[in-house]
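Chain identifiers are assigned alphabetically (A, B, ...) following the order of the sequence lines, protein sequences preceding nucleic acid strands; residue numbering begins at 1 within each chain.
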Amino acid sequence: MSAVTHPTPSLPELRHTAAHVLAYAVQELFPDAKPTIGPAIENGFYYDFDRAQPFTPEDLERLEARMREIVAADHPMLGRQVSRDEALAFFADNPYKVEIASEIPQGEPITLYSIGAFTDLCRGGHADSTGALGAVKLTSVAGAYWRGDERNPMLQRIYGTAWHTQAELDAYLAHLEEAAKRDHRKLGAELDLFSLEEEAGGGLIFWHPKGAIVREIVERFIREGLRERGYQPVVTPHLMSEKLYATSGHLENYADSMFGPLEVEEQRFRLKPMNCPGHILIYAGRPRSYRELPIRFSEFGTVYRFERSGVLHGLTRVRGFTQDDAHLFCTPEQLQGEFEQTLDEALRLMQAFAFTGFEYALSTRKADERTQTDPTAEAAIRRALESHGLAYVVDEGGGAFYGPKLDINVRDAIGRRWQLGTVQVDFVLPERFGLKYRGSDGADHRPVMIHRALAGSMERFFGILIEHFGGAFPAWLAPVQAVVVPISEHQLEYAREVAQRLGRNAMRIEIDETNEKLGYKIRHWKQQRVPYVLVVGKQEASDGTVNVNQRGVETKRTVPIEQFFDELSAAVEQRL
RNA sequence: GCCGUUGUAGCUCAGUGGUAGAGCACGUCCUUGGUAAGGACGAGGCCAUGGGUUCAAUCCCCAUCAACGGCUCCA
């Protein structure tokens, strides 16, 4: 260990330095590998190498060992500025570095940084010395295209994580483990919530009874809010003429994400990738007056989007999904108010499901696609956010093809970020479909549309809920809210009576009729994360009580059946 | 789609160039047990699919499919 004290580098500096150390180790152990780019990322770093041979897990171990030696040697990080010619000459045998060096604008300094015998082209932002690296671990290898473009050569990417101290690294690894335990794909199978079926094809979800009931509860909750806020439910077809999507612009702008045409009687049909065109047809089906605006059509609309096989992932990235979709048609004057109302709805949803850390991201349209209405649409979003006192970040060019959008992000129970809903302002589709309404002045006017989905997709939302709660759904959502467990078969009849008395008001109660010992049954239901296990033995049967073993609560209590019913009802009522 | 890894019982995984094993889950029986695994027995596999190599392939080779980790994209 070095006796010299270093100023503590920031985590990005530390991780950037770790990337250099990795490249140094690779240069030594695999001299044929050409280093390309190696930035710090969230939680760690990566470095891409051009090498014919992929790195194996054993290679990673060797590299990690070598990296520790480089850290222990405490090489100072030495930077120097060079001329462009010098840089090009230095990296003559590395076309990637040459490409980067050539692209550095005139007037900007070109810098090389060295540790020990390794020198890299780099703009800086490091620790002073490799000794500053507290704890480093290489995590995985993966293919990655040069500059993320699939037309470019595939490089070998090595991922790693780096922290100030071993304790921080351990905490991070523990966090990964916790996340793995909550993985919705794992819990989905263990709790019998949903599945994907090889025979059916990738990215298509089968909701099992215990998953479907959760979905139904979520839908019911959302529908309540929609009804209160004046939305009208509509239902539109899954399959519609391709002409419709030519009009909407989907064929032009969204075809890559759509399933191909189905031809029937010389007419081409498409599976719907979005619900908006269908809702627009309903709006446009008859003349509209300003007196009926705003019109709010809502639909749990199932859409199909083509996703390349390699990107599918559990419930969060699928090919068929149902959006809690709605389209609002309003006058330009109503836009602001309607947009703000959707923000309130979003807040209600996120709070009901115990999410925290709401963040808002405004995505503007790509510069080359911007229309004259975009500034108006963006301004409406900004004003709505500002009037609610909500901070937001801006993603330039991330908008939909018909307008800018606002994405709503939340933090889950273990601090991870998820994107939930999206609200979009649209002047384009009303134009393309020639939508109008008769104004108070007797003339026709163009309505503005708001597209909004707050849970986003029911599939993805369910996946996020599973991970957020770690499968331990609160009583109002739990597929099985309580299980009655008789101590022996002699109490079976009483158990059935208890279940029957509790099963009112659509309470979801099961009875454990298995021929197992009490401990076994308790363990089973705890593993199934049922909120309440109700043990009934001789004592309870003669007293008309249940012994309540509540999830997450150490102490047990014996209460009359009716008292437990009231307690459960209250929990459901308060969405606990 | 591309790079890499993987594919053996419902699940988690052993294993071998001579057509297979464990634990859990499941079934039957014994047991009637007071708060996180009682016992016995049993059933269950085209070893992902299709080709090759071989006297012989679950194992070696090739292709396909799927899953997983990434790249890219997004609800």
**Prompt:** Can you check whether A/F321 stacks with the B/A75 base, using ring centres under 5.5 Å and planes within 30°?
**Reply:** yes
**Message:** With a 4.0 Å cutoff (strictly under), does any side-chain N or O of A/S309 reach OP1 or OP2 of B/G1?
**Reply:** yes
**Message:** Using only modelled atom types and a 3.5 angstrom limit, is any donor from either the side chain of A/D149 or the base of B/U72 paired with an acceptor on the other?
**Reply:** no
**Request:** Return the orientation label for the A/F473 and A/F462 ring planes: parallel under 30°, perpendicular over 60°, tilted otherwise.
**Result:** parallel
**Asked** In the strands shown, is B/U32 matched to any nucleotide by a Watson-Crick or G-U wobble pair with both distances under 3.5 Å, and which?
**Response** none
**Prompt:** To the nearest angstrom, how far is A/K186 atom NZ from B/C24 atom C1'?
**Reply:** 13 Å
**Request:** Can you tell me the pairing partner of B/C71 across any strand shown, Watson-Crick or G-U wobble, with both distances under 3.5 angstrom?
**Result:** B/G1
**Request:** Compute both the distance and the angle, then confirm whether A/R157 meets the cation-pi test with A/Y46: under 6.0 Å from the six-membered ring centre, within 45 degrees of the axis.
**Result:** yes
**Asked** Between B/G33, B/A36, B/A75, which nucleotide has the shortest distance from any of its atoms to the side chain of A/I487?
**Response** B/G33
**Complete:** Rounded to whole Å, CZ of A/R157 lies from P of B/C2 at a distance of 19 Å
**Asked** Under 3.5 Å, is there an N or O donor on one side and an acceptor on the other linking the side chain of A/Q491 and the base of B/G33?
**Response** no
**Request:** Just call it for A/Y159: base, sugar-phosphate, or nothing, with non-hydrogen atoms closer than 4.0 Å on any strand.
**Result:** sugar-phosphate
**Message:** Just N and O in the side chain of A/H313: are any of them under 4.0 Å from OP1 or OP2 of B/G69?
**Reply:** yes
**Prompt:** Taking atom C1' in both B/A37 and B/C26, what distance in whole Å separates the two?
**Reply:** 16 Å
**Prompt:** Is it true that A/R317 and A/E459 make a salt bridge, defined as a side-chain N closer than 4.0 Å to a carboxylate O?
**Reply:** no
**Message:** Counting only Watson-Crick pairs (N1-N3 plus N6-O4 or O6-N4) and G-U wobbles (N1-O2, O6-N3), all under 3.5 Å, who is the partner of B/U6?
**Reply:** B/A66
**Asked** Does OP1 or OP2 of B/G69 have a side-chain N or O of A/R185 closer than 4.0 Å?
**Response** yes
**Asked** Just how far, in rounded Å, is C1' of B/C26 from CD of A/E513?
**Response** 17 Å
**Message:** Using OP1 and OP2 only, check whether a side-chain N or O of A/Y520 sits under 4.0 Å from B/G34.
**Reply:** no
**Asked** When you check the gap from the basic side-chain N to the acidic O, do A/K181 and A/E177 get nearer than 4.0 Å?
**Response** no
**Request:** Could you check which nucleotide pairs with B/A37 in any of the strands shown, counting Watson-Crick or G-U wobble with both distances under 3.5 Å?
**Result:** none
**Request:** Give a yes/no on whether any side-chain N or O of A/K405 is located under 4.0 angstrom from OP1 or OP2 of B/A75.
**Result:** yes
**Prompt:** Between A/E99 and A/K34, is there a side-chain N and carboxylate O pair less than 4.0 Å apart?
**Reply:** no
**Request:** With a 3.5 angstrom cut-off on both distances, give the Watson-Crick or G-U wobble partner of B/C11, or none if there isn't one.
**Result:** B/G23
**Item:** Span that lies between the P atom of B/U31 and that of B/G69, in whole angstrom
**Value:** 49 Å
**Fill in**
Rounded to whole Å, the CZ-C1' distance (A/F300 to B/A75) equals 14 Å
**Message:** Using the C1' atom as the point on both nucleotides, what is the distance between B/G7 and B/C11, in whole Å?
**Reply:** 15 Å
**Prompt:** If you check every side-chain atom of A/R460, which of B/G38, B/C71, B/C74 has the closest atom?
**Reply:** B/C74
**Asked** Which whole number of Å gives the distance between the P atom of B/A57 and that of B/C47?
**Response** 12 Å
**Request:** Grab the NZ-P distance between A/K538 and B/G33 for me, whole Å please.
**Result:** 7 Å
**Asked** For A/F306 and B/C73, what is the distance between atoms CZ and P respectively, to the nearest whole Å?
**Response** 16 Å
**Asked** Using the ring of each side chain (for Trp, its six-membered ring), is A/H250 parallel, tilted or perpendicular to A/Y254, with breaks at 30° and 60°?
**Response** perpendicular
**Request:** Just name whichever nucleotide pairs with B/A57, Watson-Crick or G-U, keeping both distances under 3.5 Å, else none.
**Result:** none
**Item:** Check: B/A75 base within 3.5 Å donor-acceptor of A/E307 side chain
**Value:** yes
**Request:** Using the closest heavy atom to pick a nucleotide of RNA chain B for each, name whichever of A/S488 or A/D407 lands nearer the 5' end.
**Result:** A/S488
**Message:** On the side chain of A/E150, is there an atom forming a donor-acceptor pair with the base of B/U72 - under 3.5 Å, no angle test?
**Reply:** no
**NZ/NE/NH1/NH2 to OD/OE distance under 4.0 Å, A/E567 and A/R557** = yes
**Item:** P atoms of B/A48 and B/G15, separation to the nearest Å
**Value:** 15 Å
**Item:** Whole-Å distance separating the CD atom of A/Q539 from the P atom of B/G34
**Value:** 13 Å
**Message:** Please report the distance, rounded to the nearest Å, between CZ in A/R215 and C1' in B/A75.
**Reply:** 13 Å
**Fill in**
Against the side chain of A/Q424, the closest entry in B/A75, B/C2, B/G33 is B/A75
**Request:** For B/U8 and B/A66, measure between their C1' atoms and round to the nearest Å.
**Result:** 16 Å
**Prompt:** For the residue pair A/F55 and A/F30, does the interplanar ring angle fall in the parallel (under 30°), tilted (30 to 60°) or perpendicular (over 60°) class?
**Reply:** perpendicular
**Request:** Mark yes or no for a side-chain to base donor-acceptor pair under 3.5 Å between A/Y145 and B/G70, with no hydrogen or angle criteria applied.
**Result:** no
